[in-house]
Each structure stands twice: as C-alpha cells, then as structure tokens.
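Below: the structure, in structure tokens.
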Amino acid sequence: QVQLVESGGGSVQAGGSLRLSCAASGYTYCMGWFRQAPGKEREGVARIYTSSTSAFYADTYYADSVKGRFTISQENAKNTVFLQMNSLKPEDTAMYYCAATASACNTWSQLADNSWGQGTQVTVSS
C-alpha cells in the first residue's frame, strides 16, 4: 500500500470552486476520489489511470452527479492527482477521500480495495 496525503478542502459558497490534491508515496496504477456526506453512503466521484504502462493511461471516469463540473488530472512526476471542482453545489458537501490501487480500477470497488487518505472536508453553503 502507498501513503496518500490530501489537501485543498475548505468552505465555499455555491457556484464556487475548490481544488483538491492527493500525493502518493509510491507507485500507483489508478487513483481517484470518493466522498461521504453525513448519513449517506460513500460514493465514487472520479478516477484516473495513473500508470503510463496501462492501456487505459489517463482515462478518466466520473460519477454522473459531477460530470461537467469536476475534472480529475494528474502530475506523474509528483505522483499526484488533482480534483478541480467547479460550480459547486450544497449537495457536494462531504468528506472527500483519495484512494489508490496498484492494479486495475474498472469499478469503484476495485479502487476502494487498497490505499486511502485521511480525508479532507468540503463544505458548500447556499
């Protein structure tokens, strides 16, 4: 497992933007973000193939609820992924967790099966 360190959460008004970062301590094949709001189940938000050896390298996947508003990207030299969140809504309020795996992540469950960060809070006020 790798160590994941997240940063970038905070409070913003609806319509605003935030950028989350997640730095991995070592090799990853796939990284992404989950979120969990109080009283709700954890949901996958976005994921990206981070290994240049993968046929799916840089492919991205998003939850329907964030498509067109959130963008996941990576900086391979720093083993870091970013989540740019625009047009934020109050329903985006949650604890956001970074996750990583050294194998394929064709599903959210596969991404959730390995390393996790400590989480960063995102609060969107109306």
Side-chain angles (χ1 to χ4, degrees):
Q1 292 187 343
V2 296
Q3 301 299 312
L4 302 174
V5 179
E6 301 134 330
S7 61
S11 297
V12 66
Q13 289 190 330
S17 299
L18 285 172
R19 189 190 195 207
L20 306 183
S21 300
C22 176
S25 62
Y27 172 79
T28 64
Y29 192 86
C30 181
M31 294 180 69
W33 296 89
F34 290 81
R35 67 186 181 186
Q36 188 165 21
K40 294 188 177 180
E41 292 187 355
R42 182 182 68 192
E43 64 170 337
V45 176
R47 65 187 192 263
I48 185 169
Y49 278 90
T50 51
S51 174
S52 59
T53 64
S54 171
F56 304 104
Y57 175 61
D59 282 1
T60 57
Y61 304 87
Y62 297 93
D64 288 343
S65 58
V66 306
K67 282 181 181 177
R69 300 188 298 122
F70 291 11
T71 302
I72 189 169
S73 61
Q74 60 184 315
E75 185 173 349
N76 281 352
K78 296 184 179 180
N79 289 341
T80 300
V81 295
F82 305 96
L83 186 67
Q84 179 67 43
M85 305 184 293
N86 298 328
S87 301
L88 283 161
K89 305 174 181 180
E91 51 263 44
D92 294 317
T93 295
M95 185 71 80
Y96 283 69
Y97 297 92
C98 179
T101 179
S103 58
C105 60
N106 298 319
T107 66
W108 295 114
S109 295
Q110 287 179 325
L111 177 60
D113 199 34
N114 202 314
S115 303
W116 287 87
Q118 79 283 0
T120 185
Q121 178 68 37
V122 171
T123 302
V124 185
S125 58
S126 58

Stepwise side-chain contact (heavy atoms from CB on, under 4.5 Å) check, M85 with Y96: CA-CA 12 Å; M85 305 184 293; Y96 283 69; 3.9 Å; yes
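- The SG atom of C22 sits 5.5 Å away from atom CD of E6, with the distance rounded to the nearest 0.5 Å.
- Taking the side chain as every heavy atom from C-beta outward, N106 and Y61 never approach each other to under 4.5 Å.
- By the 6.0 Å contact criterion, CD on Q3 is open, its count of non-hydrogen atoms from other residues, nucleotides or ligands being 12 or less.
- In this structure, the separation between CE on M95 and OG1 on T123 is 8.5 Å, given to the nearest 0.5 Å.
- At a threshold of 4.5 Å between non-hydrogen side-chain atoms, the residues T50 and Y27 do not count as touching.
- Heavy atoms only, all atoms of each residue included: A24 and V2 are closest at CB-CG2, 4.4 Å.
- Put simply, OH on Y62 and CG on D64 are 13.0 Å apart, with the number rounded to the nearest 0.5 Å.
- A donor-acceptor contact shorter than 3.5 Å links the side chain of T93 to the backbone of V124.
- When all heavy atoms of A58 and Q74 are compared, the closest pair comes out as CA-NE2, 3.7 Å.
- In this structure, the separation between CD on Q1 and CG on N114 is 5.0 Å, given to the nearest 0.5 Å.
- Atoms CZ and OG1, on R35 and T120 in that order, are 14.0 Å from each other to the nearest 0.5 Å.
- For residues 37-56, the pairs satisfying ring pair (Phe, Tyr, Trp, His ring centres under 6.0 Å) are Y29-Y49, Y49-F56, with sequence neighbours left out.
- The hydrophobic clustering, which links ILVMFWY residues whose side-chain heavy atoms are closer than 4.5 Å, places V45 and M31 together.
- The backbone N or O of K89 sits less than 3.5 Å from a side-chain atom of D92, completing a donor-acceptor pair.
- The closest side-chain heavy-atom distance from Y97 to L20 is not below 4.5 Å.
- Between L4 and Q118 the shortest side-chain heavy-atom distance does not fall below 4.5 Å.
- V66 and V81 fall within a single hydrophobic cluster, where Ile, Leu, Val, Met, Phe, Trp and Tyr are joined by side-chain heavy atoms under 4.5 Å apart, directly or via other members.
- In terms of heavy-atom proximity, P90 sits nearest to A14 at CD-CB, 4.1 Å.
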Passes side-chain contact (heavy atoms from CB on, under 4.5 Å), E43 versus S65? Steps please. CA-CA 10 Å; E43 64 170 337; S65 58; 4.2 Å; yes
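- The two residues W108 and A63 have their closest heavy-atom pair at CZ2-N, 4.1 Å.
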Is there a side chain to side chain donor-acceptor pair (under 3.5 Å) between S109 and T107 once you walk through the steps? CA-CA 5 Å; S109 295; T107 66; 4.6 Å; no
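- Note: R47 CZ to C30 SG = 6.5 Å, rounded to the nearest 0.5 Å.
- Between S17 and N86, the shortest heavy-atom contact is OG-OD1, 2.9 Å.
- Of all heavy-atom pairs spanning W33 and S21, the tightest one is CH2-O, 3.5 Å.
- A single hydrophobic cluster is seen to contain both V122 and V12, as judged by linkage of ILVMFWY side chains at heavy-atom distances under 4.5 Å, directly or through other members.
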